[in-house]
K.L.:
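Sending over a structure as structure tokens; questions will come in a sec.
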Amino acid sequence: MAIQVYNTLTRRKEPFQPLEDGVVRMYVCGPTVYDKAHLGHAMSVMVYDIIRRYLEYRGYTVRHVMNYTDVDDKIIRRARELGEDPMALAEHYIEEFERHIRELGLLQPHVKPRVSQEIPWIVRIVEGLIEKNFAYVLEGGDVYFHVPQKPDYGKLSGRRLEDLQEGFRIEPDPRKKHPADFALWKAAKPGEPSWDSPWGPGRPGWHIECSAMNIHHLGEQIDIHGGGQDLIFPHHENEIAQSEAYTGKAPFVRYWLHNGLLMVGDTKMAKSEGNFVTIDDFLKEHEADVLRMMVLQSHYRRPLLFNEATVHQAEAALERLRGGMRPAFPQAPGLDAARVHELNHQAEEARRAFEEAMDDDFNTPAALAALFTLVRHINQARDAGATDAQLRKAQATLLELAGVFGLTLTPEGPATGDIAPFVDLLLEVRQELRRQKMWALADRIRDGLARLGIQVEDTPHGTVWRRKS
RNA sequence: GGCGGCGUAGCCAAGUGGUAAGGCAGGGGCCUGCAAAGCCCUGAUACGCGGGUUCGAAUCCCGCCGCCGCCUCCA
């Protein structure tokens, strides 16, 4: 059974079949680098990180491109406010985002192109669109894409040109031939970053960059294009129009994937809403896997609720998953072969359920449920007295599948490092105190260790300790 | 107004024609000197409301109510 993916273009789940066997060309809309990135950005990037990991798990070679928009109105405006150079400002936030990629545990995209470095390709494509009559040049050096020239315009977002004309809130530029026409190239205004072009100095419009980077780095047709649902219109709609008009090939993108937005209360998290939490602020309080767990617990196409309760729930769920990796009890007697065989069978069953869920449009909540079931089976076996060797296979499966999600289930238990002998010594003494029923002293050791971040647990099969997270 | 989507237990969240996964929180129990963890049992006669189709609907159709996103920069 092939992987099924929901395609925004057709509004259906379709069997996933890339253009070239075994190779997936994937482009993800990256950030506009004008300010600190927030969790909405992180969530989106993480969704496609998880999808990429699963495709690779499934044996595909994924070519993953994520862009940086480093030329843009917002960057220019903000740089002006701060009295900085726009390109320097962009560079600063690109470096910061690079740090986020590392800290969030994201796989590195293979190419991370920047608009400022793609100007020749952009110019080439705009020229091509003019030649083919899909674009026109205005006096002053602006170039616009002429939407009515592309009869299937609106096919991604389900809009018709007639509807669009009425909804226009901004006074359309009277020089445009049609109100929906959009800028491919903007003539430079004084003090703005600009590049030479056949139409005079200027800079690219918002949408053309993605077309150029796609065609340059992945080719004229790609398999997956991802981004937030708020990009469907106009950004991706325009991207299709330009790209298909330029190349004459359709579809430009075989599968359009759009993730739901991160919500705070009833509103999406956004800079303009003022309700955002920056990635840096979140990571001060929580580890990256907590965010990853939040993303996994909800299907990627649905909105994701962000609040204190959902963060806590993700934290608890992560702990539960990690609990499955705990070692056997010190004096575990071991299980009989049939029981071990059963556990290993349960692990294989978990893998099957995991794959079935992920094959169905990357249903991470259902796949996660399979992992929780496996954790319960491992815990049952451990409680029954399994040894480390007997748990090994099931735990390896758990570790591997959680790794496909990008989660790190640091094996817990006898911590490495210098403190282990000291803790063990204290626990030996405590054991003797317990034998003599000197509870107050025994508890003093346990409480003292707890204050130092060491959790002591007395099990039927011996006493264990671990670092508290 | 147009386009897209959502409404499932206290909370989060799968399921989209065959009789409601999973996680968190809660209750009871086992284990324990106590604790913690784990394990076992427990929760919606029920899936926004009202009709309809069907042997059968949370799942399909119609209507209504509420909510969100997009139509302007936005992951």
Side-chain angles (χ1 to χ4, degrees), chain A residues 8 11 28-32 34 37-48 66 69 72-74 77 154 156-160 162-170 180 206 226-235 237 258-263 265-273 293-294 296-299 301-305 307 309-321 323-324 326 329 353 357 360 363-373 375-376 378-384 434 437-440 442-443 446-447 450 455-460 464 466 468:
Chain A
T8 306
R11 296 198 187 84
V28 179
C29 278
T32 300
Y34 72 106
H38 59 69
L39 291 177
H41 303 113
M43 173 214 174
S44 181
V45 175
M46 204 169 261
V47 162
Y48 299 102
M66 184 196 79
T69 298
D72 169 88
D73 288 349
K74 291 196 294 293
R77 192 190 326 133
L156 179 70
S157 57
R159 275 153 229 262
R160 292 168 309 175
E162 308 85 77
D163 301 333
L164 284 170
Q165 299 209 50
E166 299 174 20
F168 269 84
R169 297 189 205 169
I170 284 190
W206 176 35
Q229 280 171 351
D230 52 355
L231 292 180
I232 294 171
F233 189 89
H235 186 52
E237 191 70 61
H258 289 97
N259 59 280
L261 303 178
L262 188 64
M263 308 293 289
D266 287 338
T267 329
K268 67 168 175 172
M269 181 179 288
K271 201 124 283 181
S272 52
E273 302 285 347
M293 193 54 110
M294 291 183 71
L296 290 167
Q297 281 185 306
S298 162
H299 187 89
R301 280 195 282 115
R302 302 287 262 258
L304 176 60
L305 259 53
N307 58 47
T310 57
V311 173
H312 170 260
Q313 287 170 10
E315 253 166 353
L318 184 60
E319 274 315 298
R320 169 124 183 105
L321 220 46
R326 287 183 192 167
F329 297 124
D360 183 14
N363 189 338
T364 56
L368 202 51
L371 297 194
F372 283 119
T373 301
V375 166
R376 192 171 71 252
I378 291 171
N379 289 341
Q380 284 168 341
R382 187 192 298 103
D383 278 1
R434 290 181 73 210
K437 299 197 187 303
M438 299 174 73
W439 309 123
D443 289 351
R446 184 175 65 197
D447 296 345
Q455 174 80 48
V456 175
E457 294 174 10
D458 301 312
T459 79
V464 297
R466 60 195 164 88
K468 277 194 289 195

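Chain letters run A, B, ... following the sequence lines, proteins first and then strands; every chain starts at 1.
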K.L.:
Describe the nucleic acid contact of A:Leu371 in one word from base, sugar-phosphate, nothing, applying a heavy-atom distance below 4.0 Å.
P.N.:
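No contact.
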K.L.:
Please determine, for the side chain of A:Ser44, which listed nucleotide (B:A14, B:A75, B:C71) has the closest atom?
P.N.:
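When the side chain of A:Ser44 is considered, B:A75 is the closest of B:A14, B:A75, B:C71.
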K.L.:
Only pairs with both distances under 3.5 Å count, Watson-Crick or wobble alike; so what is the partner of B:G66 in this structure?
P.N.:
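The base-pairing partner of B:G66, which may sit in any strand shown, is B:C6.
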K.L.:
Does a nitrogen or oxygen in the side chain of A:Lys268 sit under 4.0 Å from OP1 or OP2 of B:C70?
P.N.:
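Answer is yes, contact under 4.0 Å.
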K.L.:
Should B:G1 form a Watson-Crick or G-U wobble pair with both distances under 3.5 Å, which nucleotide is its partner?
P.N.:
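The answer is B:C71, by the H-bond criterion.
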K.L.:
Side-chain N or O of A:Arg301 versus OP1/OP2 of B:G4: is the shortest distance under 4.0 Å?
P.N.:
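Result: no.
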K.L.:
Distance check: side-chain N/O of A:Arg320 vs OP1/OP2 of B:C39, anything under 4.0 Å?
P.N.:
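For A:Arg320, the contact criterion (side-chain N or O under 4.0 Å from OP1 or OP2 of B:C39) is met.
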K.L.:
Nearest to the A:Arg302 side chain among B:A75, B:C39, B:C6, which nucleotide is it?
P.N.:
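Taking heavy atoms from C-beta onward, the closest nucleotide is B:C6.
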K.L.:
For A:Asp443, report the nucleic acid contact type (base, sugar-phosphate, nothing); a contact means any heavy atom under 4.0 Å.
P.N.:
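Answer is base: heavy atoms of A:Asp443 come under 4.0 Å of a base.
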K.L.:
Once you apply a heavy-atom cut-off of 4.0 Å, does A:Met294 come out as touching a base, just sugar-phosphate, or nothing?
P.N.:
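A:Met294: no heavy atom of the nucleic acid under 4.0 Å.
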K.L.:
Between B:U32 and A:Thr459, is there an OP1 or OP2 to side-chain N/O distance shorter than 4.0 Å?
P.N.:
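It does not, given that no N or O in the side chain of A:Thr459 lies less than 4.0 Å from OP1 or OP2 of B:U32.
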K.L.:
Rounded to whole Å, please give me the gap between CG in A:Leu304 and P in B:C11.
P.N.:
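Roughly 17 Å, once rounded to whole Å.
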K.L.:
Assign A:Arg434 to base, sugar-phosphate, or nothing according to its heavy-atom contacts below 4.0 angstrom with the strands shown.
P.N.:
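Base contact - A:Arg434 has a heavy atom under 4.0 Å of at least one base atom.
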K.L.:
Counting just side-chain N and O atoms, does A:Asn379 come under 4.0 Å of either OP1 or OP2 of B:A37?
P.N.:
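Looking at the OP1 and OP2 atoms of B:A37, neither is under 4.0 Å from any side-chain N or O of A:Asn379.
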K.L.:
A:Gln297 near the nucleic acid: base, sugar-phosphate alone, or nothing, with a heavy-atom cut-off under 4.0 Å?
P.N.:
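Here A:Gln297 touches the backbone only, sparing every base.
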K.L.:
Could one point to a donor on the side chain of A:Gln229 or the base of B:G69 with an acceptor on the other under 3.5 Å away?
P.N.:
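In this structure, the two groups form no donor-acceptor pair.
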K.L.:
If you only use heavy atoms from C-beta on, which nucleotide in B:A14, B:C73, B:C12 is closest to the side chain of A:Gln313?
P.N.:
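Side chain of A:Gln313 sits closest to B:C12.
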K.L.:
In whole angstroms, how far is the C1' atom of B:C70 from the CG atom of A:Asn259?
P.N.:
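These atoms are roughly 14 Å apart.
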K.L.:
For the side chain of A:Asp266, counting heavy atoms from C-beta on, which of B:C67, B:C24, B:C73 is nearest?
P.N.:
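Of the candidates, B:C67 comes closest.
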K.L.:
Just call it for A:Asp458: base, sugar-phosphate, or nothing, with non-hydrogen atoms closer than 4.0 Å on any strand.
P.N.:
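Base contact.
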K.L.:
Between the base of B:A35 and the side chain of A:Arg446, is there a donor-acceptor distance below 3.5 Å?
P.N.:
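Side chain to base: pair found, below 3.5 Å.
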K.L.:
Across the strands shown, which category fits A:His235 at heavy-atom distances under 4.0 angstrom: base, sugar-phosphate, nothing?
P.N.:
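A:His235: no heavy atom of the nucleic acid under 4.0 Å.
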K.L.:
Compare the minimum distances between each of B:C24, B:G15, B:G5 and the side chain of A:Arg11, then state the nucleotide with the smallest one.
P.N.:
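Looking only at heavy atoms from C-beta outward on A:Arg11, the closest nucleotide is B:G5.
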K.L.:
Would you mind classifying the nucleic acid contact of A:Gly30 as base, sugar-phosphate or nothing, using non-hydrogen atoms under 4.0 angstrom?
P.N.:
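Since only primed, P, OP1 and OP2 atoms lie under 4.0 Å of A:Gly30, the category is sugar-phosphate.
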K.L.:
Counting any heavy atom closer than 4.0 Å, what does A:Pro460 reach on the DNA or RNA strands: base, sugar-phosphate only, or nothing?
P.N.:
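Contact class for A:Pro460: sugar-phosphate only.
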K.L.:
From C-beta outward on A:Ser272, which listed nucleotide comes closest to its side chain: B:C12, B:C73, B:C39?
P.N.:
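Output: B:C73.
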K.L.:
Respond yes when some side-chain nitrogen or oxygen of A:Gln380 is under 4.0 Å from OP1 or OP2 of B:C40, and no when none is.
P.N.:
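Affirmative; the distance criterion is met.
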K.L.:
Taking the side chain of A:His312 as its heavy atoms from C-beta onward, which of B:A25, B:C71, B:G38 lies nearest to it?
P.N.:
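For A:His312, the side-chain atoms sit closest to B:A25.
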K.L.:
To the nearest angstrom, how far is A:Met263 atom CE from B:G7 atom C1'?
P.N.:
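Result: 13 Å.
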K.L.:
Between B:A75, B:C12, B:A14, which one does the side chain of A:Asn363 approach most closely?
P.N.:
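Among the listed nucleotides, the one closest to the side chain of A:Asn363 is B:A14.
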K.L.:
Nearest to the A:Ala316 side chain among B:C73, B:C24, B:G69, which nucleotide is it?
P.N.:
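Within the option list, the nearest is B:C24.
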K.L.:
Searching all strands shown, indicate the nucleotide that pairs with B:U53 (Watson-Crick or G-U wobble; both distances under 3.5 Å).
P.N.:
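WC or wobble partner does not exist here.
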K.L.:
Which listed nucleotide (B:A75, B:C71, B:C39) is nearest to the side chain of A:Asp383?
P.N.:
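Selected nucleotide: B:C39.
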